[in-house]
Participant: 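I have a structure here, written as structure tokens, and I will follow up with some questions on it.
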Number of protein chains: 2
Amino acid sequence: MEEHRHVTIYDIAERLNLATSTISRALKDHHTISEQTIKKVKQTAKEMGFVPNTLAAGLRGNQSKTIGILIPTITQPFLSSLISGIEITARKSEYSVIIMQSHDSYEMEVDLAKSLYSNRVSGVICSLAMETKDTSHFRQFSNNNIPLVFVDRVPRDYDTFRVVINNYLAGYKATKHLIEQGCKRIAHLTAGSEFGTLYNERKRGYTDALLEHDLPVENDLIISLKEMTYEEGVKASNHLFDLKLPPDGLFAPGDILAVSAVQTAKKRGIKVPDQFAVIGFNNDPISEIIEPNISTITHPAEKMGKAAAELIFKNLKSVKEEEAKEITFLNTQVLVRESSKKI
Amino acid sequence: MEEHRHVTIYDIAERLNLATSTISRALKDHHTISEQTIKKVKQTAKEMGFVPNTLAAGLRGNQSKTIGILIPTITQPFLSSLISGIEITARKSEYSVIIMQSHDSYEMEVDLAKSLYSNRVSGVICSLAMETKDTSHFRQFSNNNIPLVFVDRVPRDYDTFRVVINNYLAGYKATKHLIEQGCKRIAHLTAGSEFGTLYNERKRGYTDALLEHDLPVENDLIISLKEMTYEEGVKASNHLFDLKLPPDGLFAPGDILAVSAVQTAKKRGIKVPDQFAVIGFNNDPISEIIEPNISTITHPAEKMGKAAAELIFKNLKSVKEEEAKEITFLNTQVLVRESSKKI
DNA sequence: ACAACATTTGCAATCGGTTGTGTAAAAATA
DNA sequence: TATTTTTACACAACCGATTGCAAATGTTGT
């Protein structure tokens with residue numbers, strides 16, 4: 001396997017007896033270069049198999065035409081769809097995406113943020129680690145005019161772009177839906193440790209919906225989970241069913257939890273939705289395949305990714321103070337399916 | 001928001017009255033630099049908030065400490081787990097991953113390969129697009145000593161690293177399992193258009209298992225799908241059930257397809273597994289949540305990602321001819337669950 | 001005290017595009 | 001024809017880390 005050398009603009013320049021600056025400009029249709037030269041340069045570039053070295057360009061221009069994505073994990077359906085949305089949008093502008101997983105660890109997140117900075121990414125899109133309480137490791141981006149967008153799991157105290165759904169409203173709508181189906185004792189699962197606003201907002205929507213319909217907010221119907229996993233969901237469901245006065249409905253802030261509750265109910269002979277109506281969150285693929293289908297709240301992952309990427313591009317030049325605090329809210333819908341349809 | 005300048009080794013050099021070369025070497029514990037200087041340099045680097053510019057290092061060293069991943073889409077559970085495995089392994093060596101989605105389009109794949117090359121990735125891990133028949137766009141990597149590893153959907157005619165499972169054996173084992181459960185007429189779904197070997201191998205395992213057990217291979221029990229989606233699965237299942245002599249078992253080369261078949265059967269009042277036993281492939285999360293649980297073949301996504309990444313690292317220096325043809329086979333297992341357990 | 005060698009650090013070129021400024025030739029104007 | 005303006009390209013510095021080689025300093029032996 002012989003060692004080829006990369007073809008550079010110097011090679012093209014030499015072949016055509018032009019300066020490298022001319023080649024560089026010709027390749028990007030600079031107006032000071034004649035049509036004729038441009039055509040000639042592009043032609044030979046193609047012939048010689050020239051592929052620009054983005055590292056060189058990036059070094060000179062001090063940014064790399066890549067977007068850094070920093071998220072807890074890519075294996076969650078919501079997050080992989082989010083990434084997909086970002087990647088597709090980025091590619092349209094010929095940007096690449098670098099992906100890093102914090103695995104919900106604060107320390108990892110700090111480390112990875114540094115690595116992204118080291119890679120001189122043009123922008124950063126982040127969904128915070130569960131553990132993260134302090135966000136000062138993101139200052140290096142803001143301080144250097146690198147656009148920073150938080151998505152979904154956003155900090156409450158950072159003055160930068162945020163792309164979220166209205167979690168309060170979503171929680172409200174989900175709960176209201178259950179109430180309208182006739183539920184009187186609606187349970188809710190929430191995150192135990194959370195610095196951000198996501199689960200708290202959903203919970204706030206839940207309680208407000210209850211109060212608004214003259215239903216009491218009962219603390220033993222609200223369970224804090226350590227992790228949002230199937231297993232934890234089963235545990236919590238069993239706990240709920242073991243109560244003296246078990247719930248007749250559940251608003252789960254994730255479809256996996258909803259599935260776990262539905263299946264636990266079925267195992268215990270509790271009829272879904274008649275005795276126990278459930279609504280989940282996210283519209284994960286599983287929610288419409290499981291039987292009964294899980295009612296859920298849409299969570300437009302790809303759209304959020306697209307919106308986040310577009311915010312990056314809009315602010316590549318410089319970030320104005322007022323814009324930086326902008327919050328983009330995307331819409332959610334209640335998808336009524338079998339798991340909650342009593343009426 | 002004031003504009004800070006990035007801290008460089010020049011800044012450190014100036015502060016300490018040392019040469020940049022010394023700084024550079026000190027930061028990576030070069031043996032020609034004294035302990036004392038190293039400590040001093042690292043200390044001030046930290047104080048000044050120095051973050052190395054990987055673009056500069058990459059330009060000089062002609063590679064970027066990143067691994068390029070080129071796959072059809074990241075939203076499939078198998079592929080997102082694969083990426084996760086790669087990312088975790090890469091990070092241990094302080095490498096980043098760049099991800100690109102071909103969306104199963106050949107043209108995209110060609111384009112993205114060029115973009116990866118342009119980014120001077122240190123290595124490439126690829127799972128081919130469904131459409132891809134010609135793989136010459138990967139020559140640019142081989143020709144320039146950039147390690148290239150194909151995973152799962154690998155070309156049949158390219159002399160480079162491949163990380164796969166033994167699809168033939170997996171197909172054989174899956175089919176044999178159904179036979180052992182007493183199935184006599186086992187259907188099979190396969191990919192219509194495929195350049196690679198993946199589905200063909202599974203099918204070959206399927207037919208060999210049948211033949212070995214003196215069961216006929218019937219062409220109307222083998223259905224070619226355009227896409228491996230739920231909807232296509234439903235269509236195919238209905239078609240199978242409409243046969244004069246419908247099957248009593250199915251080997252589906254993907255869990256989504258298995259799920260679609262199971263649910264279609266249930267809708268038509270066909271008892272699973274008694275009248276119709278099903279085994280899927282991949283061990284996607286859904287397979288163990290759906291009811292009945294889907295028997296499946298494990299497909300060790302993360303492990304494959306890890307293996308692929310390790311192959312990259314092992315061959316960063318140079319790729320020897322003999323090694324390049326190496327195929328890594330990972331093991332699969334039959335996971336027997338409800339959907340196929342007759343006995 | 002001086003050669004011989006080891007240890008540490010500095011110098012300067014290098015990677016490959018990008019871009020501000022300079023300049024020659026061609027075109028336009030006086 | 002002389003002069004200004006425009007067009008088209010060249011020169012060279014630059015981005016920031018790396019590295020071969022030279023040089024300075026320190027150490028050892030005789």
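When reading the values below, keep in mind they use all heavy atoms of this one structure, side chains included, and skip hydrogens, waters and symmetry mates. Just so we're clear, the structure is a prediction, and the values are computed from it rather than from any experiment. The sequence lines fix the lettering, A, B, ..., with proteins before strands; numbering per chain opens at 1.
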Participant: For B:Thr32, report the nucleic acid contact type (base, sugar-phosphate, nothing); a contact means any heavy atom under 4.0 Å.
Facilitator: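 Answer is base: heavy atoms of B:Thr32 come under 4.0 Å of a base.
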Participant: Just jot down the side-chain contact (heavy atoms from CB on, under 4.5 Å) partners of B:Val110, sequence neighbours excluded, or say none.
Facilitator: B:Tyr106, B:His137
Participant: Want to settle it: does B:Lys28 or A:Thr37 sit nearer the 5' end of DNA chain D, counting the closest nucleotide to each?
Facilitator: A:Thr37
Participant: How many angstroms lie between CD1 in B:Ile67 and CD1 in B:Ile146, if you round to the nearest 0.5 Å?
Facilitator: 12.0 Å
Participant: Go through the structure and list residues passing side-chain contact (heavy atoms from CB on, under 4.5 Å) with A:Thr135, not counting sequence neighbours.
Facilitator: A:Leu128, A:Thr132, A:Phe138, A:Pro155, A:Asp157, A:Tyr158
Participant: In terms of relative ring orientation, are A:Tyr117 and A:Phe141 parallel, tilted or perpendicular, with 30° and 60° separating the classes?
Facilitator: perpendicular
Participant: Counting only heavy atoms from other residues, nucleotides and ligands, does the tally under 6.0 Å from NZ of A:Lys42 exceed 12?
Facilitator: yes
Participant: Please list, chain by chain and in numerical order, all residues satisfying side-chain contact (heavy atoms from CB on, under 4.5 Å) with A:Ala307, sequence neighbours excluded.
Facilitator: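 Once residues adjacent in sequence are excluded, the partners of A:Ala307 under the side-chain contact (heavy atoms from CB on, under 4.5 Å) criterion are A:Val163.
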Participant: Bend angle of the helix from C:dA1-D:dT30 to C:dA30-D:dT1 from five-pair axes at both ends, rounded to 10°?
Facilitator: 50°
Participant: Where along residues 53-65 of chain A does a heavy atom come under 4.0 Å from DNA chain D, residue by residue in number order?
Facilitator: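 Here the set is A:Leu59, A:Arg60.
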Participant: Taking any heavy-atom pair under 4.0 Å as a contact, classify A:Ile33: base, sugar-phosphate, or nothing.
Facilitator: sugar-phosphate
Participant: Heavy atom of residues 17-25 of chain A under 4.0 Å from DNA chain D: which residues?
Facilitator: A:Asn17, A:Leu18, A:Ala19, A:Ser21, A:Thr22, A:Arg25
Participant: Could you check how far NE2 of A:His31 sits from P of C:dT18, rounded to whole Å?
Facilitator: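 Interatomic distance, NE2 of A:His31 to P of C:dT18: 16 Å.
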